Amino acid sequence: QVQLVESGGGLVQAGGSLRLSCAASGFTFSNWAMGWFRQAPGKEREFVSAISWTGRSTYYADSVKGRFTISRDNAKNTVYLQMNSLKPEDTAVYYCARGVHASGSSGINDYDYWGQGTQVTVSS
């Protein structure tokens with residue numbers, strides 16, 4: 001069965017960095033786009049970043065552009081989210097998800113499987 005397991009979250013001071021990982025299993029990872037979303041308390045889940053199945057195309061929310069970098073290692077069935085210059089408003093549970101469109105998408109309904117999430121907390 002499809003499984004997505006996030007790791008790498010934690011507590012960091014503003015301006016710091018974290019790298020999230022999402023290990024995938026149960027499907028041919030290299031054939032699927034992947035995405036990262038986040039959900040802060042009391043807010044809706046929002047798009048953060050996506051990467052195409054080849055890794056050649058990437059997409060970012062305006063709020064993270066220039067600070068976050070998505071990448072993938074198809075040999076390791078893993079997608080990463082490098083987060084730099086973190087801000088308190090980046091505090092949220094971060095989820096990875098499998099995209100149904102090979103090119104990647106920012107639409108939450110374009111993802112069919114989700115991980116359990118990893119908490120990122122940025123202190124001011």
Side-chain angles (χ1 to χ4, degrees):
Q1 70 280 21
V2 173
Q3 283 195 319
L4 300 171
V5 180
E6 301 95 336
S7 61
L11 174 63
V12 64
Q13 288 189 331
S17 299
L18 284 174
R19 188 176 83 152
L20 305 184
S21 300
C22 172
S25 61
F27 64 103
T28 306
F29 179 76
S30 58
N31 289 350
W32 295 82
M34 298 296 295
W36 286 96
F37 288 74
R38 66 187 182 187
Q39 188 167 18
K43 294 189 177 181
E44 293 187 351
R45 193 170 298 189
E46 65 174 6
F47 171 75
V48 174
S49 183
I51 188 167
S52 65
W53 66 289
T54 62
R56 294 193 188 110
S57 297
T58 57
Y59 309 88
Y60 298 94
D62 288 343
S63 59
V64 307
K65 205 170 291 184
R67 300 188 297 121
F68 290 10
T69 302
I70 191 171
S71 61
R72 65 189 297 158
D73 185 337
N74 286 344
K76 295 183 177 180
N77 289 352
T78 301
V79 61
Y80 304 98
L81 186 68
Q82 177 66 45
M83 305 186 297
N84 298 330
S85 302
L86 282 161
K87 305 175 181 179
E89 51 263 44
D90 294 318
T91 295
V93 177
Y94 283 71
Y95 299 90
C96 73
R98 189 181 76 168
V100 300
H101 299 302
S103 60
S105 168
S106 61
I108 195 168
N109 293 325
D110 293 333
Y111 292 82
D112 59 356
Y113 285 93
W114 296 79
Q116 83 289 347
T118 186
Q119 177 70 48
V120 172
T121 303
V122 184
S123 63
S124 56

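Computed from a prediction, not measured in an experiment: that's the story for all the values here. In this chain, residues are counted from 1 in sequence order.
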Would you kindly confirm whether [X] and [Y] end up in one hydrophobic cluster when ILVMFWY residues are joined by side chain heavy atoms under 4.5 Å apart?
X    : Y    : result
V64  : L18  : yes
M83  : V12  : yes
V122 : F68  : yes
W53  : Y113 : no

Do any N or O atoms from the side chain of [X] and from the backbone of [Y] form a donor-acceptor pair under 3.5 angstrom?
X    : Y    : answer
Y111 : S105 : yes
S85  : G15  : no
Q39  : A92  : no
E6   : G117 : yes
Y80  : D73  : no

Quick check: do [X] and [Y] have side-chain heavy atoms less than 4.5 Å from each other?
X    : Y    : value
R38  : T91  : no
L20  : V120 : yes
S57  : S103 : no
M34  : L4   : yes
W114 : R45  : yes
Y60  : I70  : yes

Item to check | Basic-acidic side-chain contact under 4.0 Å: K65, D62 | outcome: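 Looking at D62 together with K65, the answer is yes, because their closest N to O distance falls below 4.0 Å.
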Item to check | Verdict with supporting geometry, F47 and F37, side chain to side chain contact (heavy atoms under 4.5 Å, CB included) | outcome: CA-CA 4 Å; F47 171 75; F37 288 74; 3.7 Å; yes
Next on the checklist: Between R98 and V2, is the side chain to side chain contact (heavy atoms under 4.5 Å, CB included) condition met? List the steps.
Outcome noted: CA-CA 9 Å; R98 189 181 76 168; V2 173; 3.8 Å; yes
Taking all heavy atoms of [X] and all of [Y], pick out the closest pair and write down the distance.
X    : Y   : answer
Q119 : V93 : OE1-CG2, 3.2 Å
S49  : L81 : CB-CD1, 4.1 Å
S124 : A14 : CA-CB, 4.4 Å

Item to check | Check against side chain to side chain contact (heavy atoms under 4.5 Å, CB included), S30 and T28 | outcome: CA-CA 6 Å; S30 58; T28 306; 3.8 Å; yes
Next on the checklist: Rounded at 0.5 Å granularity, tell me how far OG1 in T58 sits from CZ in R72.
Outcome noted: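 If we round to the nearest 0.5 Å, T58:OG1 and R72:CZ are 12.0 Å apart.
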Checklist entry - Quick one: CZ on R67 to CG on D90, what's the gap to the nearest 0.5 Å? => result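 These two atoms lie 4.0 Å from each other.
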Item to check | Geometric class of the W32/F27 ring pair [parallel <30°, tilted 30-60°, perpendicular >60°] | outcome: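 It falls in the perpendicular class, over 60°.
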